[in-house]
Amino acid sequence: MKTFYVTTPLYYINAQPHLGHTYTTLVADCLSRYKRMRGYDVCFLTGTDEHGQNIERAANTQGISPKVLANQNTEAYRRLWSQFDVKYDSFVRTTDKHHYAAASQIFKRAFDNGFIYKGEYAGWYCIPCNLFGPEADIAPNCEVCNRPTERVVEESYFFKLSAFQDRLLDLYQKKPDFINPSFRRNEVINFVSSGLRDLSVSRTSVTWGIPVPLSGNHVIYVWFDALVGYLSGIGFGDPKRQEEFKKFWPAQVHLVGKDIIRFHSVYWPAFLLAAGIEIPFKVYAHGWWLQDETKMSKSRGNVVDPVQLLDHFGGDAIRYFVLREIPFGSDGNFSYDALIQRINSDLANDFGNLVSRTLKLVSKVFGKTFPEFSDLVITDKERELQGQVTLTIKSYEEYMNKLSFSKALEVIWDLLSQVNKYITDSAPWKMIDDESQRTNLATILLTSTEIIRIVTVLLSPVLPVSCSNVWNQLGIQEKLDQQRIDELEWGNVVGGCTLGKIEPVFPRLDKKSIIKKLVGPIGVNDGKKEITFAEKVQMPKDAPPATESNSSDVPRIKIDDFMKIDLRVGQVISAEKVKGTDRLLKLLVDLGTENRQIIAGIAQSYKEDELIGKKIVVVFNLQPRKMRGLDSNGMLLAASVGENEGPVLATFLEEVPNGARLK
Ligand code: MSP
């Protein structure tokens, strides 16, 4: 039996999963269901990436151990996947015991083969992305998430990435299919051709990680650790699972977002080559889900919560929407308008309505059981539809094999529109009372039912719950998940089957009332442009005149200058007086992606207790500095209202998520 091994990235557990993470997993689930229906022995792996400084810090702040935090947060992922009917075969956690063994082994192999050496790392590091920054005198923002990097100077083991430049270029040349979509290949080739620096692969200032097998005080760099999860998840490192590993490795495809393609197409093959392990066949990078043209991410505070989507729309509708709406590989804007439109038009009308009107007529005319007709009147119209079905199956498979999910769905919808037209044109309901039309009527209904059967099989990787519902309505005894897509062909399969309970598969949604509900709990803005901070916090009419200076005196700056200042919503977690001062408070502020200590001169105006839970505005990209010997990482915004008055904090009139950016 042919095997197929597909992976999602291992998700960081410092934040709740959002639609962006959900996307890759839904794609992987659809692909693996499709491959199973093509007769492959499939392994679909997902999991969580649980080590690193951000987890260590978050756990410290909450006063719990990182492992306890990891246990809590990994559950959110498992729960979500089960709510979306995701059927993975393996879930790896980088805190699993056998994963420790696997990561140490790969590290050791690379070392023994001469590709790891000891040195000192002095440079910049983005803690949320676990990414080293470029050389620079002042802290550069992270090239992936744009958050400020932090300075790291410490002893470190280095991986000789520079030694792999030619071998990697050779790989991209010999296996043009390794990096997908093809336009990403050129980006990676340019990156590698411009020269590779050796990579720091251990940390000494972090303890929450896998110990380097050669030295007690180093832990393995999180990306080195997490990538090995693709091996440990199928048994590498576990003596009892060697057969499983041999069966599935190398992976057919690693599905990843475009922001992490470098880790998968440069670092990962280099690590594997260094350890003497075969490299995977393919890395496929998809685009981003955007909100108002910017990447959906927790740090920007513009995420769509998949749990709330599930509550309002159900898992299948979301699966269909994300696979159909944007071509796999491109970015796409999320909008509730588009989602509701797809549900009502594609799912409720084109598919759901076809099923219910066909099956209702069948039961009205023939009762509960499909007759086994031998004398149907097959005309050109039916022959044309049969030909169309054959072509549809072929194109669907071609597109699915290329991971062009949206195209694969498009061809099915072309077929659905033809069969809907066929029914409307033939008007079978007019034949019900005319005995002389019985055979014609049977022909139309069986043709339509047969297409429904075939489409249901083709759609089941995308819409598993609804298709199994339609399958039960058709009353076919064989199980849906045992159908083989490559053996699907036209035939009078439903003859003799007894219909199940006929009920609508996709009820239509009333857009107005849904949007009304969404505006409350999800806090969306009805698909309209994002409301800016300025629009939200309007000056009251009787506001006192500005105390600083008249507007004509103030030198103006360009919008670009303003955009350099990264302002974020923060929430005060704790506050205490800085000893020996009247003015300073030491605050711990939750900024969505991380908690920060900020020293603020607001003790005159606010008591410590009053501040807990308050939403404030923080200058996020200010260089950290020391105040009274304490680290202050950021600054609060406050109005100064008079010489003898203390500052007044800027806050919000409405609920805003922590970490949301002000612009
Ligand atoms: N832990 C690493 C992956 C290690 S794999 C060995 C990581 N984790 S992540 O949780 O930050 O991101 C996981 C995936 O979610 C990435 O592929 C990323 O591209 C994807 N997405 C995060 N936000 C996204 C969107 N807004 N849209 C689509 N996917 C995006 O990176």
Side-chain angles (χ1 to χ4, degrees), residues 6-28 45-55 70 73-74 76-77 80 90-95 99 102-103 106 126-131 142 144-147 184 209-210 220-234 251 253-269 271-272 280 283-306 318 322-323 325-334 592-594:
V6 52
T7 65
T8 72
L10 309 189
Y11 301 104
Y12 288 135
I13 46 137
N14 54 323
Q16 292 289 314
H18 61 67
L19 183 67
H21 309 117
T22 311
Y23 182 46
T24 329
T25 304
L26 296 184
V27 169
L45 170 118
T46 188
T48 41
D49 181 354
E50 306 185 4
H51 291 123
Q53 203 162 358
N54 45 355
I55 307 295
N73 293 359
T74 190
Y77 278 92
L80 186 67
S90 175
F91 190 103
V92 66
R93 297 181 57 185
T94 56
T95 50
H99 174 78
I106 299 291
C126 171
I127 293 174
C129 294
N130 290 303
L131 184 64
C142 169
V144 170
C145 69
N146 206 30
R147 283 172 281 206
R184 297 260 169 242
I210 301 179
I220 299 178
Y221 170 46
V222 197
W223 270 98
F224 192 109
D225 159 358
L227 286 161
V228 174
Y230 297 142
L231 305 178
S232 64
I234 50 168
V253 57
H254 292 311
L255 299 174
V256 299
K258 63 180 183 180
D259 48 329
I260 56 172
I261 187 146
R262 189 189 306 165
F263 296 96
H264 285 81
S265 58
V266 181
Y267 302 167
W268 182 223
F271 296 160
L272 288 168
V283 175
Y284 204 116
H286 62 71
W288 285 337
W289 280 98
L290 314 171
Q291 273 266 54
D292 295 308
E293 309 304 329
T294 42
K295 184 188 177 207
M296 190 180 292
S297 76
K298 191 173 174 222
S299 56
R300 293 189 180 87
N302 63 349
V303 294
V304 171
D305 176 358
I318 304 304
V322 295
L323 286 159
E325 190 65 10
I326 57 172
F328 194 58
S330 311
D331 289 350
N333 218 41
F334 178 86
T593 44
E594 63 189 280

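Quick note: residue numbers are just sequence positions, from 1. What's counted below: heavy atoms across the whole structure, side chains too, no hydrogens, waters or symmetry copies. Counting starts at 1 for both ligands and their atoms, in listed order.
- Just one residue in the list Thr24, Thr25, Leu26 forms a side chain to side chain contact (heavy atoms under 4.5 Å, CB included) with Thr22, and that residue is Leu26.
- Not a single N or O atom of Tyr11, backbone or side chain, sits closer than 3.5 Å to an N or O atom of ligand 1.
- Of all the atoms in ligand 1, the ones that sit under 4.0 Å from a non-hydrogen atom of Met296 are 23 (N), 25 (C), 26 (N).
- Between Trp289 and ligand 1, an N or O atom pair is found at a separation short of 3.5 Å.
- Nearest protein neighbour of atom 11 (O) of ligand 1, counting heavy atoms only, is Tyr12 CD1, 3.2 Å.
- If you check which protein heavy atom lies closest to atom 23 (N) of ligand 1, you get His18 CE1, 3.2 Å.
- Note: Tyr77 and Tyr11 have parallel aromatic rings, judged against thresholds of 30 and 60 degrees for the angle between ring planes.
- The single protein non-hydrogen atom nearest to atom 19 (O) of ligand 1 is Asp259 OD1, 2.5 Å, given as residue, atom name and distance.
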Show, in sequence, the C-alpha distance, side-chain angles and deciding distance for Asn130 and Tyr12, and conclude whether the side-chain hydrogen bond (donor to acceptor under 3.5 Å, both in side chains) test is met. CA-CA 10 Å; Asn130 290 303; Tyr12 288 135; 3.3 Å; yes
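- Annotation: side chain of Ile127 is not in contact with side chain of Glu594 (no heavy-atom distance under 4.5 Å).
- Ring geometry for Trp289 versus Tyr23: interplanar angle over 60°, hence perpendicular rather than tilted (30 to 60°).
- Of the protein's non-hydrogen atoms, Ile260 CD1, 3.7 Å is the one closest to atom 16 (C) of ligand 1.
- The shortest N/O to N/O separation between Leu10 and ligand 1 falls below 3.5 Å.
- Taking any N or O of Gly257, backbone or side chain, at least one lies under 3.5 Å from an N or O belonging to ligand 1.
- Ligand 1 has Tyr230 within reach: a non-hydrogen atom of the residue lies less than 4.0 Å from it.
- In this pair, His21 and His18 present their aromatic rings tilted. The plane angle is within the 30 to 60° band.
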